[in-house]
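Comments concern the structure below.
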Amino acid sequence: MRYISTRGGAPALDFRGVTLAGLASDGGLYVPEEWPVLSKDEIAALSGLSYADTAFAICRRFTGDSIPDADLKRLIDEAYASFDHAAVTPLVQLDARHFLLELFHGPTLAFKDVALQFLGLLFEHFLKDAGRHLTIVGATSGDTGSAAIQALAGREHVDVFMLHPEGRVSDVQRRQMTTVMAPNIHNIAISGTFDDAQAMVKRMFGDTDVTSRFEISAVNSINWARLMAQVVYYFYAAVRLGAPHREVAFSVPTGNFGDVFAGYVAARMGLPVARLIVATNINDILHRALSAGDYSAGTVTPTAAPSMDIQVSSNFERLLFDLAGRDGAKLTAMMQAFDASKMLEIPADMRAQAAERFTSYRVDEDEMALTLRWASEMAGNIIDPHTAIGLAAARAADLDPAIPVVTLATAHPAKFRDAVERATGVRPVLPARLSGLFDREESFTSLPGDYAAVRDFVTARATPR
Ligand SMILES: Cc1ncc(COP(=O)(O)O)c(C=O)c1O
Ligand SMILES: N[C@@H](CCOP(=O)(O)O)C(=O)O
């Protein structure tokens, strides 16, 4: 399996290469040269497999010669042993047609653990005998940061510099990052938004003064291995609901477009996905893009679903690449135009193609709160604000009633207990895994939203090549 850049100007790499590289050297994102396809029989054969065995069956389609099967199997088994539910990502039925896919049973209580527990082990596997040291530079709106820190704290071959927007993550999310005292972990609170942090991270990958001295890599969904691991749960859930003999729709609370892009990959691989519902909060660039062709970044408004307070959705580039016929030059021109003006009109033919698979909804704060209440009172389930946005969109979607709709439950409600309590009157209790979180000391550095300040902080502390 070879991987190519969406911008067409970086060398093709194998799985090991893209995992260690993160962003492509031309500023693009790596994607497989071709989507692997599973036959109906191969999908049917996933029925009854454990989560880890499903992950092995799917991931080996992407890893090629980069990792022997026995090693892949061992790393996957180890990654999912840290989850506190035997099904790893259990399905919960809400009513006749709505299901939640609970993705928050890992160590930091959000869907990011599903990929990052595995990615941490992959880094270790690829680096341990190579005499190489990675400098991870990441941006988080709250959940990627804690999952990456948990997965990488104390690891010998990796330093982590994690940028979060100061004051714009929940207190639980911040403490999950800033109370980890391992010497290889560096938390940076920047003034600005997640978009500012992500832009700085991408800029650092293109800064030869940095890349000549340090081997930079990514834990954000920039990194293909993240998305690969997220494809698995679409197969796992759909097969449990009758795939390949029955279609299933998914509703995905969306910000950086990584999670829903993983659903798109599953569909390209042959999974019968009736529809992918892209659910945004009021930071609705993706809804505007998919419904009206308007991919223009407005200002970011803080909401009760802070992890989705994003107006520049990194992985949308991966979808645009496919919609543009995988034409790297065309995509480069589009992305350069967007970078310059923060505006892009999606051509009608590309929108029409996207509409064959995607529907989008924008869910405001009132509708999010109403859905939190509906889940609590009518379905007996306390969910988190991000999940509520997905569920609101799922309930609004106009689909054949025979098709089950799975909403991705992306975070545990206790991570956002103030917002959940405001809407439902119920204050979710922090699970035992996080006991003592509010008794620990915090450590982080506040920096201005200025690239030079962040670069200097990183280069003064990172381990050179
Ligand atoms: C809890 C939660 N839900 C949803 C999302 C949106 O996912 P994505 O950025 O992959 O679209 C995020 C952030 O990634 C998140 O942390
Ligand atoms: N919501 C995310 C934002 C980063 O997304 P990623 O999937 O690209 O890592 C977060 O919680 O940090």
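Order of listing sets the numbers, starting from 1, for every ligand and every atom in it.
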Taking the side chain from [X] and the backbone from [Y], do they hold a donor-acceptor pair closer than 3.5 Å?
| X | Y | answer |
| --- | --- | --- |
| Lys415 | Thr108 | yes |
| Thr63 | Ser66 | no |
| Asp284 | Arg362 | no |

Considering only protein heavy atoms, which is closest to [atom], and at what distance to one decimal place?
| atom | answer |
| --- | --- |
| atom 6 (P) of ligand 2 | Ser221 OG, 3.4 Å |
| atom 12 (O) of ligand 2 | Thr140 OG1, 2.6 Å |
| atom 11 (O) of ligand 2 | Asp143 N, 2.7 Å |

Which atoms of ligand 2 sit under 4.0 Å from any heavy atom of [X]?
| X | answer |
| --- | --- |
| Ser307 | 1 (N) |
| Arg226 | 6 (P), 7 (O), 9 (O) |
| Phe194 | 3 (C), 4 (C) |

Does ligand 2 have any atom that is closer than 4.0 Å to a heavy atom of [X]?
| X | result |
| --- | --- |
| Ser141 | yes |
| Gly142 | yes |
| His164 | no |

Geometric cation-pi criterion Arg417 and Phe438, 6.0 Å radius, 45° cone: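 Pair Arg417/Phe438 counts as cation-pi.
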
With sequence neighbours left out, write down each residue that passes ring-ring contact (aromatic ring centres under 6.0 Å, His included) with Phe111, or none if nothing qualifies.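 Expected list: none.
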
If we set the cut-off at 4.0 Å for heavy atoms, which region of Lys112 has an atom near ligand 2: side chain, backbone, both, or neither?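 For Lys112, the contact with ligand 2 is made by the side chain alone.
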
Side chains of residues 370-383: which donor-acceptor partners sit under 3.5 Å, not counting sequence neighbours?
{"from": "Thr371", "atom 1": "OG1", "to": "Glu367", "atom 2": "O", "distance (Å)": "2.7"}
{"from": "Arg373", "atom 1": "NH1", "to": "Ala423", "atom 2": "O", "distance (Å)": "2.9"}

Side-chain donor/acceptor pairs under 3.5 Å, residues 265-276, sequence neighbours excluded:
{"from": "Arg268", "atom 1": "NH1", "to": "Tyr264", "atom 2": "OH", "distance (Å)": "2.9"}
{"from": "Arg268", "atom 1": "NH1", "to": "Asp322", "atom 2": "OD2", "distance (Å)": "3.3"}
{"from": "Arg275", "atom 1": "NH1", "to": "Ala355", "atom 2": "O", "distance (Å)": "3.3"}
{"from": "Arg275", "atom 1": "NH1", "to": "Phe358", "atom 2": "O", "distance (Å)": "3.0"}
{"from": "Arg275", "atom 1": "NH1", "to": "Thr359", "atom 2": "OG1", "distance (Å)": "2.7"}
{"from": "Arg275", "atom 1": "NH2", "to": "Ala355", "atom 2": "O", "distance (Å)": "2.9"}
{"from": "Arg275", "atom 1": "NH2", "to": "Glu356", "atom 2": "O", "distance (Å)": "2.9"}

When you look for protein heavy atoms under 4.0 Å from ligand 1, which residues do they belong to?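 Residues within 4.0 Å of ligand 1: Phe111, Lys112, Asp143, Pro253, Thr254, Gly255, Asn256, Phe257, Gly258, Asp259, Ser307, Met308, His386, Thr410, Ala411.
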
Does one side chain, of Thr193 or Arg168, offer a donor that lies under 3.5 Å from an acceptor on the other?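 No, because no side-chain N or O of Thr193 sits under 3.5 Å from a partner of the opposite role on Arg168.
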
Which value, rounded to the nearest 0.5 Å, describes the distance between Thr178 atom OG1 and Met162 atom CE?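 Reported to 0.5 Å precision, the distance equals 13.0 Å.
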
Please name the residue in the list Gln176, Gln117, Arg433 that meets the side-chain hydrogen bond (donor to acceptor under 3.5 Å, both in side chains) test with Gln150.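 Single pass found, and it is Gln117.
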
Which label fits Phe161 and Phe457: parallel for a plane angle under 30°, tilted from 30 to 60°, or perpendicular past 60°?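 Geometry flag for Phe457 against Phe161: perpendicular rings.
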
